[in-house]
Asks: 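Starting off with a structure, shown below.
By convention in this document, chain letters (A, B, ...) are assigned in the order of the sequence lines, proteins followed by strands, and residues within each chain are numbered from 1.
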Protein chains: 2
Amino acid sequence: MAEDQEIRKVGLKVTGPRVKILELLEKYDDRHVSAEDVYRMLLEAGEEIGLATVYRVLTQFESAGLVERHNFEGGYSVFELSRGQHHDHIVCIVCGKVVEFTDDTIEERQQAIAEENGFEIGDHSLTLYGRCRDPECPGKQGAITTPSG
Amino acid sequence: MAEDQEIRKVGLKVTGPRVKILELLEKYDDRHVSAEDVYRMLLEAGEEIGLATVYRVLTQFESAGLVERHNFEGGYSVFELSRGQHHDHIVCIVCGKVVEFTDDTIEERQQAIAEENGFEIGDHSLTLYGRCRDPECPGKQGAITTPSG
DNA sequence: CAGAACAATGCAAAAGCTTCTCATTTTCTT
DNA sequence: AAGAAAATGAGAAGCTTTTGCATTGTTCTG
Ligand SMILES: [Mn+2]
Ligand SMILES: [Mn+2]
Ligand SMILES: [Zn+2]
Ligand SMILES: [Zn+2]
């Protein structure tokens, strides 16, 4: 299996949980999932992998460069498969939709700003928050969902 | 007192804790402090204000536009007095030093990108992470110590 | 292919930050 | 000064994430 090789390549042992988690991330490579998401999706697929293991594996995958972790607002992290090319995010504060983008001008300016200020930049986090114009977005129907129901 | 007016102006009752917290934020207006920082600094100054109150007041001040909350990496929030003009941050991952900057080019690009993607932008979070070249920074002496203790 | 060495897992407990509950105190308005 | 409404403090609770430890699984060697 392709996943086995990827896992071995980064110096990790090939175990059931690691393979299943990598497969899931590949299957949902257009989403940004939390550890809890991964845990639950695997449960629903019949894979009983402990939440602690999900956290551990995601962190290992991140260290290995296989996945990226983002800290959008909300107090928890979301993960996605690394796709080589760097990108930033726009998040709809109403429906949670996430759109990705890259902008060379912004990237260049960031580098310049870091240098001007005597910093050697490692990475950066840029996230735009707003409301999307998706007709499906509950924000359009005026029905801001409240947790009362 | 000037603080009393500011607090009243935003529709909050003038109470000891609110005045003391606002005074402290004004005194340390060149820093980015956590709720815990505020709590401890007040304690050391002889003001026994509960941590829960510090959190509540900071959140109220934020809603009122008096302070801004930032979620740098590390899982906790830091606060600073609002100074009208928007700015972003560079954080040294070694010593925790924070430098502020603004860049019109980046701001414009963000707006354009949001529109291109059908988003109405509320706000954004841009933080650069790297190592500073400050000779005082422990990173220079090889002794990596975490600023949060 | 068995066996040993070592790493990974699951569960529960704990951590770390933040919010909530509720009895008590304080503010602000008559 | 008194009452209504809001704020506070202390601790409990909530949430996401990490950790300890006994158990299980993987890999390597022979
Ligand atoms: Mn992404
Ligand atoms: Mn700032
Ligand atoms: Zn939306
Ligand atoms: Zn530094």
Side-chain angles (χ1 to χ4, degrees), chain A residues 1 3-22 24 32-43 46-64 66-79 96 147-148, chain B residues 1 3-22 24 32-40 42-43 46-64 66-67 69-79 96 146-149:
Chain A
M1 281 129 175
E3 286 82 17
D4 289 28
Q5 295 314 316
E6 276 210 89
I7 293 169
R8 231 185 291 273
K9 195 183 308 178
V10 299
L12 295 172
K13 290 190 176 174
V14 177
T15 65
R18 299 217 255 239
V19 172
K20 292 302 178 190
I21 290 171
L22 185 51
L24 185 138
H32 297 78
V33 295
S34 67
E36 184 84 30
D37 289 336
V38 171
Y39 172 70
R40 246 198 316 250
M41 291 161 104
L42 286 172
L43 256 195
E47 305 292 341
E48 306 220 345
I49 296 174
L51 182 55
T53 298
V54 172
Y55 273 103
R56 273 185 296 235
V57 169
L58 286 174
T59 301
Q60 291 158 350
F61 282 0
E62 184 194 14
S63 300
L66 253 41
V67 314
E68 276 169 34
R69 176 197 305 252
H70 305 293
N71 294 101
F72 297 159
E73 308 219 336
Y76 59 90
S77 299
V78 294
F79 301 82
S148 53
Chain B
M1 281 132 174
E3 285 82 18
D4 288 29
Q5 296 313 316
E6 276 210 270
I7 292 169
R8 230 184 292 273
K9 195 183 309 180
V10 298
L12 295 171
K13 290 188 178 176
V14 177
T15 65
R18 299 216 255 239
V19 172
K20 292 301 178 190
I21 290 170
L22 185 51
L24 185 138
H32 297 78
V33 296
S34 67
E36 184 85 30
D37 288 337
V38 171
Y39 172 70
R40 241 172 316 103
L42 287 172
L43 255 195
E47 305 292 341
E48 306 221 345
I49 295 173
L51 183 55
T53 298
V54 172
Y55 272 104
R56 272 185 298 235
V57 169
L58 286 173
T59 300
Q60 291 158 349
F61 282 1
E62 183 193 15
S63 301
L66 254 41
V67 315
R69 176 196 306 251
H70 304 293
N71 293 102
F72 297 159
E73 307 219 338
Y76 60 91
S77 300
V78 295
F79 301 82
T146 51
S148 52

Asks: Select from A/Glu48 and B/Thr53 the residue whose nearest nucleotide in DNA chain C is closer to the 5' end of that strand.
Replies: A/Glu48
Asks: Mind checking which nucleotides bracket the chain B contacts on DNA chain C, 5' to 3', with an atom under 4.0 Å from a heavy atom?
Replies: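 The contacted stretch runs from C/dC17 to C/dC28.
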Asks: Would you check if B/Arg56 and B/Thr53 make a side-chain contact, meaning some heavy-atom pair closer than 4.5 Å?
Replies: yes
Asks: Name the residue from A/Leu12, A/Val10, A/Asp4 that meets the side-chain contact (heavy atoms from CB on, under 4.5 Å) definition with A/Arg8.
Replies: A/Asp4
Asks: Apply side chain to side chain contact (heavy atoms under 4.5 Å, CB included) to residues A/Ile7 and A/Leu22 and explain how you reach the verdict.
Replies: CA-CA 9 Å; A/Ile7 293 169; A/Leu22 185 51; 3.9 Å; yes
Asks: Short of 4.0 Å, heavy atom to strand atom, which residues of residues 6-15 of chain A count as contacting DNA chain D?
Replies: A/Arg8, A/Lys13, A/Val14, A/Thr15
Asks: Side chains of A/Val78 and A/Arg69: does their closest heavy-atom pair fall under 4.5 Å?
Replies: no
Asks: Check B/Leu58 against B/Val67 and note the closest heavy-atom contact, atom names and distance.
Replies: O-CG2, 3.7 Å
Asks: Mind checking if A/Tyr76 touches a base, just sugar-phosphate, or nothing, with heavy atoms under 4.0 Å?
Replies: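 It contacts sugar-phosphate atoms only.
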Asks: Indicate, with a heavy-atom threshold strictly under 4.0 Å, whether B/Arg56 touches base, sugar-phosphate, or nothing.
Replies: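 Here B/Arg56 touches the bases of the nucleic acid.
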Asks: At their closest point, which heavy atom of B/Ile49 faces which heavy atom of B/Lys20, and how far apart are they?
Replies: CD1-CB, 3.9 Å
Asks: Any sub-3.5 Å donor-acceptor pair from A/Arg18's side-chain atoms to A/Val57's backbone N or O?
Replies: no
Asks: Might you point out which heavy atoms bring B/Asn71 and B/Ser77 nearest each other, and give the distance in Å?
Replies: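 Closest approach of B/Asn71 to B/Ser77: ND2-OG, 2.9 Å.
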Asks: May I ask you to say what A/Ser34 touches in the nucleic acid, namely base, sugar-phosphate or nothing, with a heavy-atom cut-off under 4.0 Å?
Replies: nothing
Asks: Test A/Ile21 against A/Phe61 for side chain to side chain contact (heavy atoms under 4.5 Å, CB included), laying out the working first.
Replies: CA-CA 10 Å; A/Ile21 290 171; A/Phe61 282 0; 4.2 Å; yes
Asks: Anything under 4.0 Å to a heavy atom of chain A counts; send over the first and last such nucleotide of DNA chain D, read 5' to 3'.
Replies: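 Range of nucleotides within reach of chain A: D/dT16 to D/dT27.
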Asks: Which atom names give the shortest non-hydrogen contact between B/Glu36 and B/Leu51, and what distance separates them?
Replies: OE1-CD2, 3.9 Å
